[in-house]
Structures are given as C-alpha cells and as structure tokens.
Novice: 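First, the structure itself, so that you have it in front of you.
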Amino acid sequence: MTSPKPRSDFLDRVVSRGFLHQCTDLAALDERARTRTIVAYIGFDCTAPSLHVGNLLSIMLLRNLQLSGHRPIVLMGGGTTKIGDPSFRDEARPLLTEADIERNKQGIQRVFARYLAFGNGSTDAIMVDNAEWLDRLAYIPFLREVGAHFSVNRMLAFESVKLRLEREKPLSFLEFNYMILQAYDFVELGRRYGCVLQMGGSDQWGNIVNGVELGRRLDDRELFGLTTPLLTTASGAKMGKTARDAVWLNAEQRSPWDFWQFWRNTEDADVGRFLRLYTDLPLDEIARLEALRGVEINNAKKVLADEATMLAHGAAAAAEAAETARLTFEEGATGDALPVLAVPRAELAAGIAAFELLRRAGLAASGGEARRLIKGGGARLNDRVIVGETHAVSAADLDDTGTLKLSAGRKKHALVRVEE
C-alpha cells in the first residue's frame, strides 16, 4: 500500500524529488509544516576547507525547505569538530587545532550564500556555530542534566558504534561523546530558535533520534527527525567522489569548469534522479529530459551541468564552462575555463615526459595511470595522439600564446602554459 501524498509543500517536495529516507513521524511533521512555519537545521562539521558534492544533498534539502516557506538553520560544527564524528568510520578523525577549524569554517560558510537567502525575516536562513554553547558547558552540570538520559547499552547498539566494535577497532571516550553533543545541539537550537526538525544523511539517523528523545525528556518538546538516502551512482560509486579527488564546492578546490564536467559526465541512468535532487527545474521538465534516449540524453546532461554549476558558482561561471565545453568538444578549440598548469620555461625547454605532465595536470591520478592511458591511445597533445609514454613534451609544442593542450580521453582536458 502506498503512503498518501503529503499535504504540505515542503514534504511534497521532499518525497517527489527523492530526498526522503526516514522520518520519525511523517504524518505529524506534514501537518505541522502545512499549518505553520517550521524551523529546521542540518549540521556541518568543519573538517575540510570546503564542502563537496557528497554534502550537496543536505544543502539542497535546506534550499527546498526555504523555497517551500520555512526557515533553515545552517549549524557550523565549530564545537563538535573538536571531537570528531565516529559514525561508520573505522578510525578516529585527526584532531584539528582551533586555528584549522576556524579556517575550514570560513571556507565552508561561503558555499551557502549561493543556495540560501540569509537575513532576519521569518523564513530567512541563519547560520550559527555550536561552539557558542558547547565550549561553555560545565562538565559536572552537563553530565547531571544531559548524561543521565543516555543509556550506554543503547549507545553501544547503534549501528555506527557496533560496526566499529565488531571490527575490533578502538572507539575512544572522546568520540563516544559525539552523539550526546549532537543531541544537545538539537535541544539548544529548539530553546534558542524554536527549531523542531533536524535533518541529515542516513548515517545520522541514530544521532538524530537521540536529539528528538532528549528534547522530549528535557523540555517536553515535540521534535522531528528526517534523513536523506545514501546516494551512489548507477554503477555503485559513492556520490561526490572521482578517481582523482572529491568534487569540492569551492572554486579554489575545484574549478567551475571541472565542476561542470563532473555533472556532464553523469551516467545515463542517473540523469533524472540528479536533476530532481540537484536542480530547481520543475518535475514535468525533468520528466521530459530524462525520457530522452540515445545521443539526445547528452542534452539533458548539459542542462544538469548548467543548472548545478549555476547554483554553485553563479550564472556567469556556468555559461563560461558550457561555452568552453562547446569549443573544446564541438570545434576542437580551447577555452579560458579549462584547468591550467604553469610550467617553468627552463623545465619545458629541457623536455618533460608526457606521462609526468599528464599527472601534474591532474588528468591522471598517478604516473602509472598516465602511462596506461598513453599505451591505450587515450592521451593527446594538441589533439594528436601521444605515441610513446616517454615522449618528451617541449617548448616546440607551444602555440603562439605559449600554451599547449593535453587531453585524457574525449572529456578531460587541461592547458599547459609556460611561466618565466
């Protein structure tokens, strides 16, 4: 038997676009979202200088919350990052210094301005840092007020903890506290901002349920939890990862061109799903695009790349990446948005092995991979197949602008420019 269609705009979006995995009380949350403005949050620990495509599902969920008339909270984990989330990890996260955490936080914060409208209005997003209250907790009072509501027996039964113990991997007391602090975050956000919903990935289900129950026990507050599915591509790869690196959302870590190319290279079977999750396109337009077959599905992939890049980097960057792709793939030219590797003139004059240049340009993850690419005929220099893995690339290969073009297959390209 199928569940009834949600009555609230928010949950209708969540269900119809594929965001829903679990919810603590879907019917009650639907009624609440239908009849009043709700405040909801997702937490982001500051473990790297940028978020990546793996985090984008959560960001788009906050965006859909706001677009449907509700208020999102972006919670920076300045406090919880000092502990490190052990969920479904075999080893503890490296402990970062406060300076590292602050630097990462500043990089992460820049992402959200593209996706959310911040301000003081009733549905404007707000950004807060849990260090604001976690850093000030007094240990004994916190244990008495909060710790008494947690059963160690139950905590050990959580899948994320159980897997670590079954693999006989150590779980420090420091990490064991993470789920308690995350639960307390939910209570604190409820008290300060009237937050009633915590959202996150499916790996956070146990932590979210802890927060829902803690809010009921401490404040007799009705809270809700909602999670998104674990996403993999049609071929089974983890979403947001490539052979080279994570697909970062900040331009400093991943250029808009590379970001556009990531979406353009989406597998055929994933196009419709990704259009629903990662763009604002209407569902009827998405249905039309995902119904395309044969070479026409490439048009849907270009739309996906345009829309996703426009959200992450702006309309100008998306248009530039699309035009570079058109010049590169359809006319054999080069564009300004391609990744650029600068090489000293003296080094190029002496000659650089083609496999090494491919590696340095980011077109291969290692020298061995670059050699295999050349042997297989998949590497090109200025649109000509590179014959011989030790072929020396030199200044003679530069064009009039002091540039040469490297290609790995048909879709990965980079420019090499000489520097004095």
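This chain uses plain numbering: 1 for the first residue, then up along the sequence. Any value given below was found using the heavy atoms of this structure, including those in side chains, with hydrogens, waters and symmetry copies removed. All values derive from a computational prediction rather than experimental measurement.
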Novice: Determine the minimum heavy-atom distance between P256 and A251, stating which atoms define it.
Specialist: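 So the two residues come closest at CD-CB, 4.1 Å.
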Novice: Quick one: does L116's side chain get under 4.5 Å of R63's, heavy atoms only?
Specialist: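 Sidechains of R63 and L116: in contact.
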Novice: Regarding N299 and E296, do their side chains bring together a donor and an acceptor under 3.5 Å, going by distance alone?
Specialist: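 Distance-only check fails for N299 and E296.
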Novice: Do W260 and T324 make a side-chain contact, defined as non-hydrogen atoms from C-beta onward lying under 4.5 Å apart?
Specialist: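 They are not in contact (no side-chain heavy atoms under 4.5 Å apart), so the answer is no.
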Novice: Applying salt bridge (charged side-chain N to carboxylate O under 4.0 Å, His left out), name anything that partners R360, two or more places apart in sequence or on another chain.
Specialist: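 E347.
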Novice: If only atom types and distance count, is the side chain of R17 paired as donor or acceptor with the main-chain N or O of L283 below 3.5 Å?
Specialist: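 No; judged by distance alone, with no hydrogens or angles, the pair does not exist.
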Novice: Any side-chain heavy-atom pair from L381 and L357 closer than 4.5 angstrom?
Specialist: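 Contact flag for L381/L357 side chains = no.
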Novice: To the nearest 0.5 Å, how far apart are OG1 in T24 and CZ in F224?
Specialist: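 Reported to 0.5 Å precision, the distance equals 6.5 Å.
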Novice: Under 3.5 Å, side chain of N265 to main-chain N/O of Q261, donor-acceptor pair present?
Specialist: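 It does hold such a pair.
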Novice: Indicate the atoms forming the closest heavy-atom contact of K82 with D135, along with that distance.
Specialist: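 Looking at all heavy atoms of both residues, the closest pair is NZ-OD2, 2.9 Å.
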Novice: When you measure from the side chain of E356 to the backbone N and O of I352, does any donor-acceptor pair fall under 3.5 Å?
Specialist: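 No, E356 side chain to I352 backbone: no donor-acceptor pair under 3.5 Å.
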Novice: Check whether any side-chain heavy atom of N210 lies under 4.5 Å from a side-chain heavy atom of Q182, and answer yes or no.
Specialist: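 They are not in side-chain contact.
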Novice: Between E267 (side chain) and S235 (backbone), is there a donor-acceptor pair under 3.5 Å?
Specialist: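 Yes; judged by distance alone, with no hydrogens or angles, the pair exists.
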Novice: Please say whether more than 12 non-hydrogen atoms of neighbouring residues, nucleotides or ligands are located less than 6.0 Å from CD in E132.
Specialist: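 More than 12 heavy atoms, drawn from other residues, nucleotides or ligands, come within 6.0 Å of this atom.
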Novice: For D12, give me all partners under salt bridge (charged side-chain N to carboxylate O under 4.0 Å, His left out), at least two apart in sequence or on another chain.
Specialist: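 With neighbours one apart ignored, the set is K5.
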Novice: Can you name the residues that form a side chain to side chain donor-acceptor pair (under 3.5 Å) with R36, not counting sequence neighbours?
Specialist: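 Testing R36 for side chain to side chain donor-acceptor pair (under 3.5 Å), a comparison that skips the adjacent residues, returns none.
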Novice: Is it true that a side-chain atom of T227 and a backbone atom of H21 form a donor plus acceptor pair closer than 3.5 Å?
Specialist: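 Such a contact is absent between T227 side chain and H21 backbone.
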Novice: Is the side chain of T233 donor-acceptor paired with the backbone N or O of A237 at a distance under 3.5 Å, no angle test?
Specialist: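 Between the backbone of A237 and the side chain of T233 there is a qualifying donor-acceptor contact (under 3.5 Å).
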Novice: Would a distance-only check, ignoring hydrogens and angles, find a side-chain to backbone donor-acceptor pair under 3.5 Å from R380 to G377?
Specialist: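 Checking the backbone N and O of G377 against the side chain of R380, no donor-acceptor pair under 3.5 Å is found.
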Novice: Enter the distance from L277:CG to L231:CG here, rounded to the nearest 0.5 Å.
Specialist: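 Atom-to-atom, L277:CG and L231:CG are 6.0 Å apart.
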Novice: Any idea which heavy atoms bring I374 and A379 closest together, and the distance?
Specialist: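 Heavy-atom minimum between the residues: CG1-CB, 3.7 Å.
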Novice: Could you tell me whether the side chain of E320 reaches within less than 4.5 Å of the side chain of H313, counting heavy atoms only?
Specialist: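 H313 does not reach E320 side chain to side chain.
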Novice: If you measure only the distance, is there a donor-acceptor pair under 3.5 Å linking the side chains of N55 and S58?
Specialist: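 Judged by distance alone, the side chains do not pair up.
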Novice: Could you note down all residue pairs passing salt bridge (Lys or Arg N to Asp or Glu O under 4.0 Å) where residues 42-59 supplies at least one of them, sequence neighbours left out?
Specialist: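 Those involving residues 42-59 do not exist here.
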Novice: Of all the heavy-atom pairs spanning A312 and R114, show the shortest one and how long it is.
Specialist: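 Looking at all heavy atoms of both residues, the shortest contact is O-CG, 3.5 Å.
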Novice: Quick one: side chains of residues 119-126, donor-acceptor pairs under 3.5 Å with protein atoms, not counting sequence neighbours, listed by atom name and distance.
Specialist:
unit_1 : atom_1 : unit_2 : atom_2 : d
D124   : OD2    : N120   : N      : 3.3
D124   : OD2    : G121   : N      : 2.8

Novice: Atom CG of L281 and atom CD of E307: how far apart are they, to the nearest 0.5 Å?
Specialist: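 So the gap between those two atoms works out to 4.5 Å.
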Novice: Quick one: are T279 and M60 in side-chain contact, heavy atoms under 4.5 Å?
Specialist: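 No, their side chains stay 4.5 Å or more apart.
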Novice: Could I get the full list of salt bridge (charged side-chain N to carboxylate O under 4.0 Å, His left out) partners for R191, not counting sequence neighbours?
Specialist: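 Expected list: E145, D219.
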Novice: What's the separation between atom CD1 in I38 and atom CG in L29, rounded to the nearest 0.5 Å?
Specialist: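 Reported value, rounded in 0.5 Å steps: 5.0 Å.
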Novice: For Y278, what residues pass the ring-ring contact (aromatic ring centres under 6.0 Å, His included) criterion, not counting sequence neighbours?
Specialist: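 Counting only residues at least two positions away or on another chain, Y278 forms a ring-ring contact (aromatic ring centres under 6.0 Å, His included) with W263, F274.
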Novice: If only atom types and distance count, is the side chain of R221 paired as donor or acceptor with the main-chain N or O of G190 below 3.5 Å?
Specialist: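 Yes: the side chain of R221 pairs with the backbone of G190.
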Novice: Kindly write out the residues that satisfy side-chain contact (heavy atoms from CB on, under 4.5 Å) with R34, not counting sequence neighbours, or none if the list is empty.
Specialist: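 Only R7, S8, E31 meet the side-chain contact (heavy atoms from CB on, under 4.5 Å) criterion with R34.
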Novice: Are N298 and R264 side-chain neighbours, meaning at least one heavy-atom pair lies under 4.5 Å?
Specialist: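 Answer yes - side chains close enough.
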Novice: Do the side chain of T81 and the main chain of C46 share a donor and acceptor less than 3.5 angstrom apart?
Specialist: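 Yes.
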Novice: Hey, does V393 have a side-chain heavy atom less than 4.5 Å from the side chain of I386?
Specialist: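 No, side chains not in contact.
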Novice: Can you list everything that forms a ring-ring contact (aromatic ring centres under 6.0 Å, His included) with F176? Sequence neighbours excluded, please.
Specialist: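 ring-ring contact (aromatic ring centres under 6.0 Å, His included) check on F176 returns nothing, list empty.
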Novice: Only pairs at least two apart or in different chains count here, so list each side-chain hydrogen bond (donor to acceptor under 3.5 Å, both in side chains) that has a residue in residues 65-74.
Specialist: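 Of all non-adjacent pairs touching residues 65-74, none passes side-chain hydrogen bond (donor to acceptor under 3.5 Å, both in side chains).
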Novice: Hey, are R13 and D9 close enough for a salt bridge, meaning a charged N less than 4.0 Å from a carboxylate O?
Specialist: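 Salt bridge: yes.
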Novice: List the residues meeting side-chain contact (heavy atoms from CB on, under 4.5 Å) with D185, not counting sequence neighbours, and say none if there are none.
Specialist: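 Only Y41, L75, T80, N130, W133, L134 meet the side-chain contact (heavy atoms from CB on, under 4.5 Å) criterion with D185.
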Novice: Under the ring-ring contact (aromatic ring centres under 6.0 Å, His included) test, which residues partner H391, sequence neighbours left out?
Specialist: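 Not a single residue meets the ring-ring contact (aromatic ring centres under 6.0 Å, His included) criterion with H391.
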